[in-house]
Student: 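Pasting a structure here, questions to come.
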Amino acid sequence: MKNYDFKTIEKKWQDKWFKENSFKAIDFHPTKPKYYVLYEFFNISGNLHMGHLKGTVPSDALARMKRFQGYNVLFPIGGDSFGLPAENAAIKNGINPHKFVEEGAKKAFEQSRKIGLSFDWDRTFCTSDPDYYKWTQWIFLQLYNHGKAYKKEGVVNFCPNCKTVLSNEDSQGGKCDRCGGEVIQKKRWVWYLKMKEYSEKLLDNIDKINMAESLKEAQRNWIGKSEGMQVAFDLFNDKNEKLGKVEIFTTCIETIYGVTYVVLAPENSLIDSFKSNIKNWTEIEDYRKKTALRSEFDRLSDQKNKTGCKVDGLYVVNPVNKKKVPLYLADFVLAGYGTGAVMAVPAHDQRDWDFAKTYNIPIIQVIEGDSDRAVEKKEYLSANSKMMNSAEFDGMNVLQAKKKIADKVVSLGAGQKQINYKMQDWPFNRQRYWGEPFPIIFCDHCGTVALDEKDLPLVLPETDDYLPNEKGDSPLSKVKDWVECKCPKCGRIAHRETDTMPNWAGSSWYWLRYTDPHNPNALADFEKLKYWGSVDCYTGGTEHITRHVLYAFFWQNFLYEIGVVPTREPFLRKMGSGLILDDQGKKMSKSSTNGVSPLEVIDKYGADAARLHVHFLGGYEDNTPWTYDGISGITAFLDRVWALQEIVKGEDVSKEHKIELNKLIKKVTDDLEDLKLNTSISALMIFLKKVREDKFITKAELKAFLILLNPMAPHITSEIFENVFKSQILDESWPKYDEKYLVEDTINLPVQINGKLFKVIPVAKDILQEDLLAKIEKQYPEVYNKDVTLKKVVYVPNRIINLIK
RNA sequence: GCUGGUGUGGCGGAAUGGCAGACGCACAGGACUUAAAAUCCUGAGUUCGAAAGGACGUGUGGGUUCGACUCCCACCACCAGCACCA
């Protein structure tokens with residue numbers, strides 16, 4: 001027999017699978033149930049990297065197993081192509097981004113075939129294809145027409161050097177991600193999507209999805225639900241004339257008797273109408289200017305030194321004890337959260353304490369504990385300390401007082417329960433060329449006008465200038481004959497929105513499009529959406545997982561509410577792929593000293609070996625350090641699998657291998673369902689070892705073994721199958737195991753004396769306790785006989801027996 | 001700081017509360033070979049012992065249990081996310 005020549009064999013199968021599109025998903029299959037496996041689409045940038053080998057193979061294995069199990073499997077792939085790589089290539093090297101994407105996608109798909117991934121090639125698309133972004137624009141139109149998209153002036157991160165607005169992610173540490181320059185805060189008109197409205201629905205989605213707890217927690221954190229009270233403090237001038245009220249949000253109503261000042265966010269416009277009562281208005285204006293210039297980074301990095309500005313001439317009154325307290329502006333209060341105003345209780349909040357110390361504001365302790373520092377919520381609640389300086393609540397336990405004080409505030413008519421969320425509405429525009437244009441026109445006469453659906457897609461115009469203008473407007477603003485247009489309503493000259501949508505837009509609904517990727521009349525046919533339903537298993541990297549999944553939930557919920565999709569749940573299960581780490585313990589990249597590309601590994605050892613090796617290193621969600629060490633174990637395993645062809649003897653499952661084979665089927669079936677490839681591979685190795693010891697494998701055993709291994713090593717198993725059985729492995733079905741063959745007739749049973757292992761003895765399966773004790777007495781009379789009284793016997797059949805003397 | 005997760009041989013890693021270290025690498029010994037590689041077989045947690053066998057052993061310290069890597073409490077370390085969120 002010839003040696004296993006992976007180069008020829010793997011190419012043969014890859015070409016065949018591609019030519020025949022062997023893994024085509026069938027809409028409305030008459031008999032098979034559907035199963036939808038999704039791997040996040042490729043970010044079209046350069047070559048596939050190690051993360052793809054780690055991330056894709058388990059979902060491929062799951063898809064392949066499900067097909068054997070009789071499911072009609074949808075396992076598609078596409079390209080997330082409206083991204084920075086294409087735009088940067090355009091800016092830096094003058095490459096046309098369309099061309100960049102076209103070539104990049106082609107390369108990514110080709111490389112994925114070299115991994116042996118079983119995608120349905122009839123369903124590919126890229127987010128920058130006009131046929132696709134037509135529907136991204138369409139969804140935006142629906143959002144706009146349903147009042148879920150609005151434009152308002154907001155504060156954004158801006159890089160003066162690149163003249164562009166940056167997301168928080170692109171401006172971490174106050175530095176521009178592109179040029180490294182200083183990022184400033186700038187006012188701009190921003191499109192927002194009303195995501196905040198969906199907070200509870202998103203939390204509901206999080207509860208329902210099958211996903212790692214750490215990922216769920218990160219998402220709940222992002223939404224940041226917090227329950228507290230909104231309380232009104234009446235606002236007076238120094239002539240004791242009531243001017244209005246300041247609404248604050250607090251989660252610590254129990255500390256309200258300790259309020260010694262109230263703080264507004266600098267941006268809060270509440271006091272602007274009382275200018276005439278304020279004695280230090282110029283000082284306030286200066287402070288506002290100063291904080292606006294302060295970058296996000298400065299604000300965060302300077303948390304110790306609180307800055308603020310007293311509002312001279314105004315004061316507020318605490319509703320519970322009618323005490324006057326001063327009013328301040330300070331930039332530690334965020335305008336966008338809660339009411340943009342807080343009551344400050346320095347005795348029980350470190351931040352308020354720091355501020356009070358800086359501005360010499362009194363500190364009133366209202367809950368017992370240390371008085372030389374801020375005793376915070378967590379501490380006094382867990383100790384359930386006693387109240388003090390709180391009028392009728394003195395001496396009460398804080399947990400009880402929290403409820404009673406809340407009741408009092410409500411009965412005074414000064415406040416009510418309130419839920420707040422950290423998550424804000426989604427800022428949805430960028431000043432970039434390479435993105436979906438908004439289907440929006442501004443008309444001096446009609447105002448903001450949405451395009452008609454029939455005018456979609458609004459195609460991105462060609463240009464060779466990909467840089468924003470001096471004012472930081474999008475490059476599209478320079479394409480005059482595109483910007484100028486007729487108002488669809490009145491026909492007068494109007495101009496288009498020149499910002500484009502963020503990269504996230506296209507990825508927030510793409511799984512829906514795979515069900516009907518070429519539909520010109522709808523984002524997807526409703527019946528097809530219903531047939532394919534929610535994604536059964538969604539895998540991918542964890543890099544942007546929190547926001548991506550939340551955006552996906554948001555859009556799917558919205559589309560469900562307007563009747564376009566049949567369910568609120570985009571995904572039933574989400575698995576985040578761990579990273580391949582380099583020798584520094586960081587994510588492997590080109591700059592890693594031991595940086596390796598998957599294609600290099602495939603070239604040296606073959607795709608099957610590469611797939612097995614990477615997944616034998618560790619679990620799907622674990623980070624695993626990269627090494628070539630150990631790959632010889634995998635290639636030796638594959639060589640031995642290949643050599644099985646020489647020891648095929650007999651037809652049916654032999655009695656020698658019956659138990660082992662049944663155990664193997666169960667193990668691999670269960671583990672692949674959980675994407676645990678490492679233990680599946682180990683089980684296959686154990687079975688192989690047994691067969692080689694016995695020097696034979698029957699045809700039935702080989703068939704089962706090859707099918708079980710096929711999802712992980714599809715090429716070699718397809719080849720051996722064809723050689724031995726003269727037919728195609730893809731036509732086979734998944735082997736089944738029989739419960740009664742999972743335990744051997746004779747078991748090695750551990751015998752413990754007083755909880756310590758004494759001996760391991762062979763006994764018959766399901767042996768009765770009395771028979772077992774008799775056997776022990778006969779063999780080891782020194783440890784157990786009639787004269788020994790046992791305090792207790794713990795016997796777990798087929799597992800263990802423990803004799804307590 | 002907050003939240004979540006992880007911690008097991010020389011290494012990657014296995015173990016529904018029931019023989020810890022499966023499987024693999026590296027290592028050692030042997031077979032084959034003139035030799036090496038490849039391949040095949042065997043061994044191996046640490047430690048005391050010639051051996052039989054014993055002691056210790058899953059980050060640390062306690063607890064629950066006949067029995068704990070697994071459950072509970074406290075602490076330490078690392079990783080990730082969030083971070084002035086009132």
Side-chain angles (χ1 to χ4, degrees), chain A residues 212-222 224-226 228-229 248-253 255 262-263 265 299-304 306 330-334 336-345 348-352 354-355 376-378 420-424 542 545-546 576 578-579 581 585 612-613 616-619 621-637 639-640 643 676 678-686 688-689 692-693 748-761 790-796 798-805:
Chain A
E213 194 51 41
S214 58
L215 298 177
K216 288 191 173 199
E217 210 46 41
Q219 290 173 1
R220 293 196 188 102
N221 228 308
W222 173 270
K225 180 177 183 173
S226 122
M229 291 194 81
I248 61 94
F249 175 72
T250 181
T251 56
C252 308
I253 195 68
T255 62
V262 163
V263 192
R299 267 172 86 149
L300 292 177
S301 59
D302 193 20
Q303 291 187 17
K304 268 277 150 58
K306 304 277 180 255
D331 69 354
F332 71 77
V333 176
L334 307 173
Y337 182 74
T339 57
V342 302
M343 65 177 209
V345 184
H348 301 289
D349 183 289
Q350 189 59 47
R351 186 196 48 205
D352 296 347
D354 293 342
F355 190 83
E376 294 201 302
K377 178 161 58 170
K378 200 182 166 187
N420 269 318
Y421 303 92
K422 266 196 258 185
M423 187 173 71
Q424 301 296 310
T542 52
I545 192 166
T546 301
L579 300 172
L581 304 175
L612 292 178
H613 177 57
F616 195 56
L617 287 176
E621 299 199 295
D622 302 330
N623 294 338
T624 31
W626 168 257
T627 174
Y628 271 118
D629 290 349
I631 199 167
S632 60
I634 294 295
T635 53
F637 169 70
D639 288 339
R640 289 170 200 162
K676 283 154 100 175
N678 51 346
T679 47
S680 297
I681 296 165
S682 136
L684 287 155
M685 286 172 166
I686 293 168
L688 181 73
K689 200 176 197 174
R692 280 165 54 84
E693 264 166 32
N748 290 320
L749 191 87
V751 179
Q752 293 187 337
I753 309 288
N754 292 332
K756 285 191 69 168
L757 182 68
F758 167 65
K759 279 275 176 336
V760 179
I761 58 169
L790 293 175
K791 274 194 201 144
K792 194 174 177 183
V793 177
V794 181
Y795 176 48
V796 185
N798 301 330
R799 296 309 294 233
I800 203 161
I801 185 163
N802 191 2
L803 310 180
I804 319 301
K805 289 189 189 174

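What you see below is based on every heavy atom in this structure, not just the backbone, and it leaves out hydrogens, waters and symmetry mates. Just so it is clear: chains get the letters A, B, ... in the order the sequence lines come, proteins before strands, and each one is counted from 1.
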Student: Between B:C66, B:G13, B:C19, which nucleotide gets closest to the side-chain atoms of A:Val760?
Tutor: B:C19
Student: Expressed in angstrom and rounded to an integer, what is the separation of A:Glu621 atom CD from B:C79 atom P?
Tutor: 20 Å
Student: For the pair made of CG in A:Asp629 and P in B:C11, what is the distance, rounded to whole Å?
Tutor: 13 Å
Student: Without decimals, in angstroms, what is the distance between A:Asn623 CG and B:G13 P?
Tutor: 10 Å
Student: Can you tell me how far C1' of B:C41 sits from CZ of A:Arg692, to the nearest Å?
Tutor: 11 Å
Student: CH2 of A:Trp626 versus C1' of B:G12: gap in Å, rounded?
Tutor: 12 Å
Student: Picking from B:C66, B:C84, B:G4, which would you name as closest to the side chain of A:Glu217?
Tutor: B:G4
Student: Would you say a side-chain N or O of A:Arg220 is under 4.0 Å from OP1 or OP2 of B:G81?
Tutor: no
Student: Does A:His613 use its side chain to pair, donor to acceptor, with the backbone of A:Ser632 at less than 3.5 Å?
Tutor: no
Student: Ignoring hydrogens and angles, tell me if any N or O in the side chain of A:Asp352 forms a donor-acceptor pair with the backbone of A:Val345 under 3.5 Å.
Tutor: yes
Student: When you measure from the side chain of A:Thr624, which nucleotide among B:G13, B:G18, B:C25 comes out closest?
Tutor: B:G13
Student: Whom does B:G67 pair with, Watson-Crick or G-U wobble, provided both distances fall under 3.5 Å?
Tutor: none
Student: Out of B:C79, B:A14, B:C23, which nucleotide sits closest to the side chain of A:Asp622?
Tutor: B:A14
Student: Check every strand shown and say whether A:Lys216 touches a base, only sugar-phosphate, or nothing at a heavy-atom separation below 4.0 Å.
Tutor: nothing
Student: If we call it a pair only when both distances are under 3.5 Å in a Watson-Crick or G-U wobble match, what pairs with B:U39?
Tutor: B:A31
Student: What distance, rounded to whole Å, do you find between the two C1' atoms, one in B:U46 and one in B:U8?
Tutor: 14 Å
Student: Measure from the side-chain heavy atoms of A:Asn802 and tell me the nearest of B:G67, B:C2, B:A26.
Tutor: B:G67
Student: Please confirm whether the shortest side-chain N or O distance from A:Ser226 to OP1 or OP2 of B:A86 is below 4.0 Å.
Tutor: yes
Student: Between B:G12, B:C19, B:C85, spot the one nearest the side chain of A:Leu617, thanks.
Tutor: B:G12
Student: Give a yes-or-no answer on whether the side chains of A:Gln350 and A:Asp354 include a donor-acceptor pair shorter than 3.5 Å.
Tutor: yes
Student: Roughly how many Å is it from CH2 in A:Trp222 to P in B:G81, rounded to a whole number?
Tutor: 13 Å
Student: Determine, stepwise, if the pair A:Ile634 / A:Met685 fulfils side-chain contact (heavy atoms from CB on, under 4.5 Å).
Tutor: CA-CA 10 Å; A:Ile634 294 295; A:Met685 286 172 166; 4.0 Å; yes
Student: Where the side chain of A:Asp622 meets the backbone of A:Thr624, is there a donor-acceptor pair that is under 3.5 Å apart?
Tutor: no
Student: Quick check for you: among B:G13, B:G4, B:C84, whose closest atom lies nearest to any side-chain atom of A:Asn678?
Tutor: B:G13
Student: For the C1' atoms, the ones on B:U60 and on B:G7, what distance do you get once it is rounded to whole angstrom?
Tutor: 12 Å
Student: Using the P atom as the point on both nucleotides, what is the distance between B:C85 and B:C76, in whole Å?
Tutor: 23 Å
Student: I want to verify a distance call: between B:G13, B:A14, B:C23, whose nearest atom is closest to the A:Pro625 side chain?
Tutor: B:G13
Student: Looking at B:G5, B:U16, B:A86, which one has an atom nearest to any side-chain atom of A:Arg799?
Tutor: B:U16
Student: Determine the Euclidean distance between corresponding C1' atoms of B:A14 and B:G24; express it in Å to zero decimal places.
Tutor: 11 Å
Student: Distance check, P atoms only: B:G30 and B:A35, in whole angstrom units.
Tutor: 13 Å
Student: For B:C69 versus B:C56, give the span between their P atoms, rounded off to a whole number of Å.
Tutor: 14 Å
Student: Which one is paired to B:A26, where only Watson-Crick or G-U wobble pairs with both distances under 3.5 angstrom count?
Tutor: none
